[in-house]
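See below for the structure under consideration.
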Amino acid sequence: MIYSAWLRQLHSLTIVIFTFIISAQTDVPRPRGVSLSKASLYSPTKDFTCFDGTSTIPFSYVNDDYCDCFDGSDEPGTAACLNGVFHCTNAGHRPQNIPSSRVNDGICDCCDGTDEYSTPGTCSNICEELGKEARAKAQQLADLHKAGNHIRLELIEKGNKKRSEMAEQLSQLEKDKTEAEKIKIEKEAIKNELEAKENEALKVYRDAEEKDRQRRAELARQQEEKEASEQFARFDSNSDGILTTDEIKVVNVFDKNKDGEVDQDEILHFFGDKDSVNKEDFMSTTWPILKPLLMADQGMFRPAGDEEKGEETEADEEEDAQRVEDTEDLGGDDENIDDAPHEETDEHDVDPDNARTYDDETQKLIDEATEARRQLTDSERTIREIDSNIRTFQQNLEKDYGLQQEYATLDGQCLEYEDKEYIYKLCLFQKVTQKSKNGGMEVGLGDWGEWAGEEGKKYSVMKYTNGIACWNGPNRMTTVHINCGLESKLTSVTEPFRCEYKIELTTPAACDDSNLSQQTSHDEL
Ligand code: MAN
């Protein structure tokens, strides 16, 4: 213990002497590895308090190659603490902080070589050289920003103009919409008025049509009744008004299964649970089942698509059926069905809404109402178009085009980039797409989302989200990293993670000389 304490004191003494040799080179004396800004925290006349406040130690323990502070702050110039920080001044270039574990490890980390002080001569001071290079580069960058800034100022001017024009156009569209809505109301009133007149005129036709329909229905009913009644009379051989099982047993048509006799099942089929039917029962129960059989027997069922029958109506068919029945089934009882009143094939038979002709006055009213309907539809379409334009303008006005609208004129501009496999297209503030050079569909890599640069640099990264879903994965998305350049162009497109794309874009909108001077002035001496 005693020996180690003595050793430590001796060690400290050497280090302190060494420290002051080093600090003599700068204006402010400070222990090795300490930056100018932290120099005041290391006062040789006071005890040293670790930065984390956990302990206070004699100043001689600073840089004594023994780690006393948890945060490593007592050993900025040695590798004793794992978490220590060594500061190299790098006069002539940029100062640097390195992990103190790299001190005296045989590798030159600082361009002034101060991190390898235990073996003088290992590292030469190349700061002047590096500094010169860095300054030349910085100058180039500054020149670029300066040149680009002129274009940026123009973009700002144009952007502001575009925005105010959009605002004007939007308010004009809103006025247009009010006007278009007024017109629509007028057109609607005119349409209602003319449609009322049209309806009134058409009512005459509709009423006539309805009457006609009823007349035809009544005729068909009478025809049916006549037919049924004739058949009843034909089967009721003793004409007593009752059709008995004996009477139908001799009529072939009741032999449904064509086995040569009318059996009990067949009687049950035609009579229900009765032994006989009167004319009324026959009409309601027997006739509806019997009629199709009669017709089938006589080949009266018309196969689908039979051309010959053409446009005959159901009533016509029934009349035809009756005619054949009358002439064939009843064997020469030549009742001339053609004498029966036939339907006139006038305009009322035709589909009412189609090829019908109207009297001139009605036709005129229809034409006027049709024109009014067309005008109303037109006015409604105009409103829809205005609405859609309003939405577009509103969406654009809501877009963040940068603090000074420097990005506004870039909205909608499309830039392309080709690599070996794909052609990428970025339409700024709209979308990103990818198209394989071997053909195939464009794949959406994201739609305009938001600015996503880190704090203080919000406008350096754009995010396009919600692209086409990745196979078994999330939707594709793209980040656009923006740097100053004299023209807007894409300088690289990569896919660092599957379906996550990274585009590098240069544009004068990102050139800002005031920004640049702020960035460079952060370097600490
Ligand atoms: C396509 C392209 C690629 C993407 C794969 C994912 O081939 O969009 O960029 O990585 O799909 O399946």
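Only a predicted model underlies this, so the values are computations on that prediction, with no experimental measurement involved. Counting starts at 1 for both ligands and their atoms, following the listed order.
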To the nearest 0.1 Å, how far is atom 5 (C) of ligand 1 from its closest protein heavy atom, and which atom is that? R476 NH2, 3.7 Å
Between E165 and K162, is the closest basic N to carboxylate O distance under 4.0 Å? no
Just distances here: any N/O of Q434 and N/O of ligand 1 closer than 3.5 Å? yes
Using only the SG atoms, establish whether C81 and C67 come within less than 2.5 Å of one another. yes
Among all the protein's non-hydrogen atoms, which is closest to atom 7 (O) of ligand 1, and how far away is it? Y422 OH, 3.3 Å
Within 4.0 Å of some non-hydrogen atom of C499, the atoms of ligand 1 are 6 (C)
Charged N to carboxylate O below 4.0 Å: is that the case for D378 and R381? yes
Please could you name the atoms of ligand 1 that Y501 approaches to less than 4.0 Å, counting only its heavy atoms? 2 (C), 3 (C), 4 (C), 8 (O), 9 (O)
Nearest protein heavy-atom contact for atom 10 (O) of ligand 1: which residue, which atom, what distance? E495 OE2, 2.6 Å
Do the cysteine sulfurs of C110 and C123 sit under 2.5 angstrom from one another? no
Distance check, rounded to the nearest 0.5 Å: I366 atom CD1 versus L202 atom CG? 4.5 Å
Tell me: protein heavy atom nearest atom 12 (O) of ligand 1, and distance? R498 NH2, 3.5 Å
Centroid-centroid distance, Y501 to Y464, less than 6.0 Å: no
